[in-house]
Amino acid sequence: MNTETVNTETADIAAADIAAVEQVVAAVERAQRAKDVEAFLALFHPDALWTTAHGKVLIGFGAIAEFTRAVLPAAIWDGEVTYEAVHTRFLRPDVAAVKVRQVHHSAEGDTEGAPLYVMTKQDDGRWLLHACQNTEVRAG
């Protein structure tokens with residue numbers, strides 16, 4: 001096998017993984033907009049760690065599920081929320097750190113969050129949220 005073939009295959013794999021990671025970010029957006037608890041929870045690894053924008057630390061799927069089931073259906077916001085993967089860094093072929101731009105659009109003006117999602121690739125090829133920190137962006 002020549003070097004050119006290896007580089008092309010590596011590039012194809014990386015492109016596929018970047019697309020898969022971006023699809024997870026898009027799925028987070030869809031679940032949040034729809035307040036779809038089960039769709040949101042399906043994106044998490046069983047051993048996940050989640051820190052909310054206000055610093056609440058949730059360790060393990062059970063804690064994340066309990067919090068999400070209590071908070072997401074009752075969440076009230078005007079406008080819509082968008083999520084965009086703005087930077088992806090593969091720490092290993094099966095681990096990606098993804099910087100996300102989260103914007104809540106409303107009549108009163110936009111507010112922004114800056115989540116960091118560490119995702120892991122599963123044996124079946126799925127990428128799941130594994131360690132996530134959501135950070136509120138404050139003006140000034």
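Just so we're clear, the structure is a prediction, and the values are computed from it rather than from any experiment.
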Any non-hydrogen side-chain atom of Gln102 less than 4.5 Å from a side-chain atom of Val28? no
Return the CD to CD distance between Glu136 and Glu112, rounded to the nearest 0.5 Å. 11.0 Å
Taking all non-hydrogen atoms of both residues into account, name the closest pair between Val137 and Gly113 and its distance. CG2-C, 3.9 Å
Distance-only polar pair, side chains of Thr111 and His104, donor-acceptor under 3.5 Å: no
Kindly work out whether a path of hydrophobic side-chain contacts (I/L/V/M/F/W/Y, heavy atoms less than 4.5 Å apart) joins Leu128 to Val95. no
Check whether any side-chain heavy atom of Leu49 sits under 4.5 Å from a side-chain heavy atom of Val57, and report yes or no. yes
Say whether Phe44 and Val71 are linked into one hydrophobic cluster, either directly or through other cluster members, by side-chain heavy-atom distances under 4.5 angstrom. yes
Linked, directly or transitively: Val25 and Leu41 (ILVMFWY side chains, under 4.5 Å): yes
Any idea which heavy atoms bring Asn134 and Pro115 closest together, and the distance? OD1-CG, 3.2 Å
Check whether Leu58 and Leu72 end up in the same hydrophobic cluster, where Ile, Leu, Val, Met, Phe, Trp and Tyr are linked by side-chain heavy atoms less than 4.5 Å apart. yes
Anything under 30° is parallel, anything over 60° is perpendicular, the rest tilted; go ahead and classify Phe90 against Trp127. perpendicular
Would you kindly confirm whether Phe40 and Ile59 end up in one hydrophobic cluster when ILVMFWY residues are joined by side chain heavy atoms under 4.5 Å apart? no
Taking Arg33 for the side chain and Val81 for the main chain, is one N or O donor matched with an acceptor at less than 3.5 Å? yes
Aromatic contact, Trp50 with Phe67 (centres under 6.0 Å): no
With distance as the sole test, does Lys121 use its side chain to make a donor-acceptor pair with the main-chain N or O of Arg126 at under 3.5 Å? no
Assess the residue pair Leu129 and Val24 against the criterion (side-chain contact (heavy atoms from CB on, under 4.5 Å)); give the C-alpha distance rounded to whole Å, side-chain angles, the decisive distance to 0.1 Å, and a yes or no. CA-CA 8 Å; Leu129 301 169; Val24 173; 4.0 Å; yes
Beyond-backbone contact of Met119 with Val98, side-chain heavy atoms, under 4.5 angstrom: yes
Atom NZ of Lys99: over 12 foreign heavy atoms under 6.0 Å: yes
With a 4.5 Å heavy-atom cut-off, do Gln23 and Val21 have their side chains touching? no
Spatial distance of atom NE2 (His45) from atom OG1 (Thr120) [nearest 0.5 Å]: 5.0 Å
Compare all side-chain heavy atoms of Val37 with those of Thr68 and state whether any distance is below 4.5 angstrom. yes
For a 4.5 angstrom cut-off between non-hydrogen side-chain atoms, does Tyr117 reach His130? no
Enter the distance from Ile64:CD1 to Lys56:NZ here, rounded to the nearest 0.5 Å. 12.0 Å
Can Thr82 and Glu80 be counted as having a side-chain donor-acceptor contact under 3.5 angstrom? no
To the nearest 0.5 angstrom, please state how far the CZ atom of Arg30 sits from the CG atom of Leu43. 8.5 Å
CG/Asp123: more than 12 non-hydrogen atoms of other groups inside 6.0 Å: no
Would you say Thr51's side chain and Gly55's backbone share a donor-acceptor pair under 3.5 angstrom? no
